[in-house]
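One structure below.
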Amino acid sequence: MHRRAVFWAVLAVLLSLGAVWASHRGPVPVPVVAQAAGHCVLPVAVMRREHMMLLRRVREAVVRRDVHDGRLRLTRCISCHAQRNAAGVALAVNARGQFCASCHAYVGVRPDCFACHAARPEGVGPGGFGGTVPGPLPVAAAAVMPHAQTAAGLSEGGP
Amino acid sequence: MAKATYREIAGCGITYRILLVACAILILAGLGAALYMRAQGHHVSGMNNQIVWGMPHVVAVFLIVAASGALNVASIASVFGRALYKPLARLSGLLALALLVGGLWDLVLDLGRPGHLLAAVLYPNFRSIFAWNIYLYTGFLVIVGFYLWFMMERRLNRYTPPAGFVAFLWRLVLTTGTGSIFGFLAARSAYDSAVLAPLFIVMSFALGLAVFTLVLIGAFRGTARPLGAHILGRLQTLLVIFVASVLYFVAVYHLTNLYRAGDRGIESFVLVRGGIFTGLFWGVQVVVGGVVPLVLLLGRRAHTSAHKVARTLTMAAAAVVAGGLAQLYVLIIGGQSYPLQMFPGMIVTSRFYDGVVHHYDPRWPETVLALSGPAVAALIVLIAVRLLPFLPTSLADEVTRSPGEGASSPPASTVAPA
Amino acid sequence: MSGIGLEPDSDQPSEPADATRRKLLALAGTAVALTLAPGVTVWARDLVARRDREGAPRAKVRYGLLIDARRCHTDCSACVRACEQYNGLRRRPGPDNAQWIRKVTVTDPQTGVTRSFPVMCQHCEHGACVDVCPTGASFRRPDGIVLVDKHRCIGCRYCLMACPYKARSFVARNVRDQKPWAPRGKGTAEGCTLCVERVVAGKLPACVAACQRAGHGAMVFGNLHDPQGALAKRLAAVTTETIRADLGMGPSVHYRGI
């Protein structure tokens with residue numbers, strides 16, 4: 001009996017301490033989301049609400065079925081929304097305070113995209129990759145393959 | 001035969017508490033190791049692109065195989081109608097559940113991305129035996145859960161036989177599925193064999209019964225409940241048959257491989273020049289896991305005291321467990337250690353370890369994780385037998401022997417430790 | 001104990017015979033049906049969906065390679081280096097190193113003849129990796145390229161176990177600074193993508209381009225199903241083989257002179 005009372009008392013104290021700790025800094029401020037230049041492919045309100053569903057649908061189509069929608073590509077989102085520092089180097093969109101991280105930190109959701117995807121653009125133009133109209137070549141690819149810029153047909157591969 | 005009565009264990013003893021704490025510590029350590037591997041990547045373990053599956057898989061496959069085998073005792077009671085085994089059925093079902101959960105614990109926590117496990121449910125690929133196994137394992141948990149419920153709820157007792165029958169069929173399919181994880185891999189010389197599925201089934205009989213026997217004797221010793229020579233003798237008989245069957249299937253597996261010229265490479269690797277694998281195969285799998293138990297069990301004839309039977313049986317069952325672990329180590333690790341035959345008959349070299357025997361060097365994260373699986377199983381059993389009446393109060397000969405049989409039998413003697 | 005043997009217990013049978021047995025069978029049948037039902041449903045749905053999607057029995061495009069071991073130089077590894085550079089693979093020799101493409105040297109012990117050539121994912125028609133993957137993360141695209149869909153990969157490594165070419169690797173370390181066109185992450189399986197984003201943009205895979213640049217021309221890339229294409233013409237002209245053709249997986253990578 002006595003033991004049980006002690007248990008409940010300790011639990012109550014811990015819970016109230018937790019509540020105090022959680023609220024002592026006041027409400028979390030609404031983040032200032034960095035603006036990208038130009039227009040997004042869809043209205044901002046739609047993007048805010050539905051970008052995760054859109055990305056999920058697109059990833060199925062692009063990866064698995066080879067169906068291309070040039071507008072919605074994660075690489076393209078990143079190349080527009082990545083901020084650049086004073087030296088002009090692109091910053092990772094999932095870095096603290098950057099485009100993806102600022103909102104996701106506020107709502108307490110961890111995006112899983114950047115476990116595999118690059119979080120910063122690298123020599124990718126706004127066209128992104130894999131579209132029917134190839135954008136500027138990445139530096140590495142250009143070094144490897146000088147004649148790739150011609151984007152010739154596949155029969156080019158012959159000896 | 002007297003009606004069996006069951007009772008929860010008191011669970012106040014110092015041994016019980018030590019076991020409980022030890023299991024909890026091991027489980028936490030295993031969880032920590034899994035989180036460490038998740039945070040750092042699997043390069044902190046001894047597993048790599050050459051030895052793809054390691055310690056956790058050896059132990060997990062052992063537990064899963066033993067889980068389906070541990071259910072056999074219950075099946076003998078309710079499917080084949082042997083009343084003698086009825087008092088053991090509850091413990092048998094409980095052990096099956098606990099071992100399976102322990103095995104899945106190891107398997108799931110070793111995944112590269114355990115958090116994404118839901119993908120296997122959302123996008124199942126039914127050409128994969130793994131996808132089937134997910135259903136077979138969860139189905140097993142549900143079916144055995146119902147089976148236990150029907151056994152333990154007096155009003156539902158009449159549904160026990162059908163539930164036991166379904167559980168029995170299910171466990172056969174489940175073990176076939178586990179064996180097929182390896183049997184379907186045509187690429188690797190050690191695995192590409194249809195014998196693996198039946199081999200896994202007889203292994204499950206032997207390993208499951210061995211684990212069951214150890215737990216039964218341990219529990220009855222620990223709670224000072226009487227355990228008669230009669231029932232132990234029956235378990236002994238079964239274990240002999242199962243161990244002999246495993247040896248038979250192992251012989252068939254190796255003989256078929258030896259006969260096929262293309263598979264002589266892997267055979268000479270395992271049987272002759274495989275270093276640790278050859279040692280484990282002959283020394284532990286065949287001698288300790290096969291010959292020693294047979295000699296021990298066949299050497300003891302009837303009319304021995306329950307004490308001696310229990311001691312012999314414990315030693316034999318422990319030997320079978322050791323042999324089973326060695327067998328899975330040789331099969332799983334040894335099978336990967338032997339180089340892939342990309343160009344049969346040719347000498348292959350590359351910067352990516354083609355054509356060389358791979359060495360597996362288990363490190364602490366995966367070893368601790370592997371050991372936490374059995375701890376999970378043990379913890380489940382420890383807690384369950386304390387909360388619910390799984391263990392019969394007595395398995396003395398007076399209880400287990402049917403009335404007509406008593407006359408011709410030796411005087412009853414029971415284990416009644418202090 | 002009563003000796004060794006399986007003599008029956010003398011207890012009376014604990015169930016009535018026939019009615020119970022029938023009930024048992026019915027129950028077992030139900031259980032089996034319940035197990036199979038989800039699988040059959042999904043399978044049937046897949047079949048229907050596939051027929052709708054693919055329509056024609058033979059895809060128009062099936063990308064493939066021809067690797068000529070006679071033109072491949074033993075000490076050249078331009079293809080391997082190009083792959084590492086283009087896809088952002090770190091060179092870290094060791095058993096957990098990622099190797100999408102590797103140079104293999106094969107010696108015939110009878111004649112002593114040695115050949116050297118690259119081996120990568122063979123983009124099989126019936127790949128073991130696709131069959132064994134529990135989530136369908138390992139899959140074959142309509143254009144014949146076999147990829148790992150890392151959104152679905154749970155990191156079970158069954159594909160590494162199943163692949164006869166050792167073409168799959170497991171990412172065992174934290175990865176930073178991936179190339180935008182080559183996502184790769186810790187805890188997932190990976191392998192040669194045939195530089196899919198270059199191929200769909202009408203370019204050559206990095207390894208093939210590097211081989212041409214090195215002046216060897218030992219690798220030919222193209223569409224296996226286009227009879228007018230360079231690859232199909234070359235395959236018609238010379239005798240080629242595939243690695244482990246006995247397994248019946250139907251690789252898209254053909255070799256000459258191995």
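As the structure is a computational prediction, the values presented were derived from the model and not from experiment. Letters go in sequence order (proteins before strands), and every chain restarts at 1.
Here the two rings, on B:Phe343 and C:Tyr255, have centers that are 6.0 Å apart or farther.
Counting only distance, with no hydrogens or angles, the side chain of B:Asn49 and the backbone of C:Asn97 share a donor-acceptor pair below 3.5 Å. Without hydrogens or angle criteria, C:Arg152 side chain to B:Ala119 main chain gives no donor-acceptor distance under 3.5 Å.
For the set C:Asp131, C:Val171, C:Val106, the entry with the most heavy-atom pairs within less than 4.5 Å of chain B is C:Asp131. When B:His42, B:His116, B:Gln341 are compared by the number of non-hydrogen pairs under 4.5 Å with chain C, B:His42 comes out ahead. Chosen from B:Ala186, B:Ser45, B:Gly41, the residue pairing most often with chain C at heavy-atom distances under 4.5 Å is B:Gly41. Interface summary for chain B: among C:Cys163, C:Ala128, C:Ala137, C:Cys153, the most heavy-atom pairs under 4.5 angstrom belong to C:Cys153. Each of B:Pro344, B:Ala39, B:Gly355 has some count of heavy-atom pairs under 4.5 Å with chain C, and the biggest count is that of B:Ala39. Per-residue heavy-atom pair counts under 4.5 Å with chain C were compared for B:Ile134, B:Asp110, B:Ile51, and the maximum is reached by B:Asp110.
Within the 4.5 angstrom heavy-atom criterion, only backbone atoms of C:Ala98 (N, CA, C, O) approach chain B. Contact of B:Ile143 with chain C is not made at all, since no heavy-atom distance falls under 4.5 Å. Contact of C:Val175 with chain B is not made at all, since no heavy-atom distance falls under 4.5 Å. With a threshold of 4.5 angstrom between heavy atoms, B:Met37 does not approach chain C through any atom at all. Neither the backbone nor the side chain of B:Arg158 has a heavy atom closer than 4.5 Å to any heavy atom of chain C. Residue B:Leu117 touches chain C through both its backbone and its side chain, counting heavy-atom pairs closer than 4.5 Å. For chain C, the nearby part of B:Arg188 is the side chain; its heavy atoms alone come within less than 4.5 Å. Neither the backbone nor the side chain of B:Ser189 comes within contact range of chain C; no heavy atoms are under 4.5 Å apart. Of the two parts of C:Ala162, the backbone and the side chain both hold a non-hydrogen atom closer than 4.5 Å to a non-hydrogen atom of chain B. Of the atoms belonging to C:Leu160, heavy atoms from both backbone and side chain fall under 4.5 Å from chain B.
Side-chain atoms of C:Lys166 and B:Gln50 form a donor-acceptor pair, as typed in the model, at a separation below 3.5 Å.
Annotation: the span from B:Tyr123 atom OH to C:His151 atom NE2 amounts to 9.5 Å, rounded to 0.5 Å. Taken to the nearest 0.5 Å, the CG atom of B:Leu118 stands 11.5 Å off from the OG1 atom of C:Thr135. Atoms CE and CD1, from B:Met342 and C:Ile258 in turn, are 9.0 Å apart once rounded to the nearest 0.5 Å. A distance of 7.0 Å separates CG in B:Leu111 from SG in C:Cys156, rounded to the nearest 0.5 Å. The distance from the CG atom of C:Leu247 to the CG atom of B:Asp192 is 8.0 Å, given to the nearest 0.5 Å.
Smallest separation of non-hydrogen atoms from C:Pro134 and B:Ala131: O-CB, 3.7 Å. In terms of heavy-atom proximity, B:Asn125 sits nearest to C:Gly136 at CB-N, 3.7 Å. Among all heavy-atom pairs drawn from C:Cys133 and B:Ser128, the shortest one is O-CB, 3.4 Å.
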Candidate pair B:Tyr191 and C:Tyr158, rule ring pair (Phe, Tyr, Trp, His ring centres under 6.0 Å), full reasoning: CA-CA 13 Å; B:Tyr191 300 149; C:Tyr158 202 9; 9.7 Å; no

Verdict with supporting geometry, B:His57 and C:Met161, side chain to side chain contact (heavy atoms under 4.5 Å, CB included): CA-CA 13 Å; B:His57 304 83; C:Met161 293 289 281; over 6 Å; no

Derivation of the side chain to side chain contact (heavy atoms under 4.5 Å, CB included) call for C:Val104 and B:Met346: CA-CA 12 Å; C:Val104 169; B:Met346 300 284 183; over 6 Å; no

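Remark: C:Arg102 is not positioned above the aromatic ring of B:Phe352, lacking an NZ or CZ atom under 6.0 angstrom from the ring centre and at most 45 degrees off the axis.
Put simply, the residue from B:His43, B:Arg38, B:Arg113 that forms a side chain to side chain contact (heavy atoms under 4.5 Å, CB included) with C:Lys186 is B:Arg38.
Between C:Lys103 and B:Asp354, no side-chain nitrogen of the basic residue sits less than 4.0 Å from a carboxylate oxygen of the acidic one, so the salt-bridge criterion is not met.
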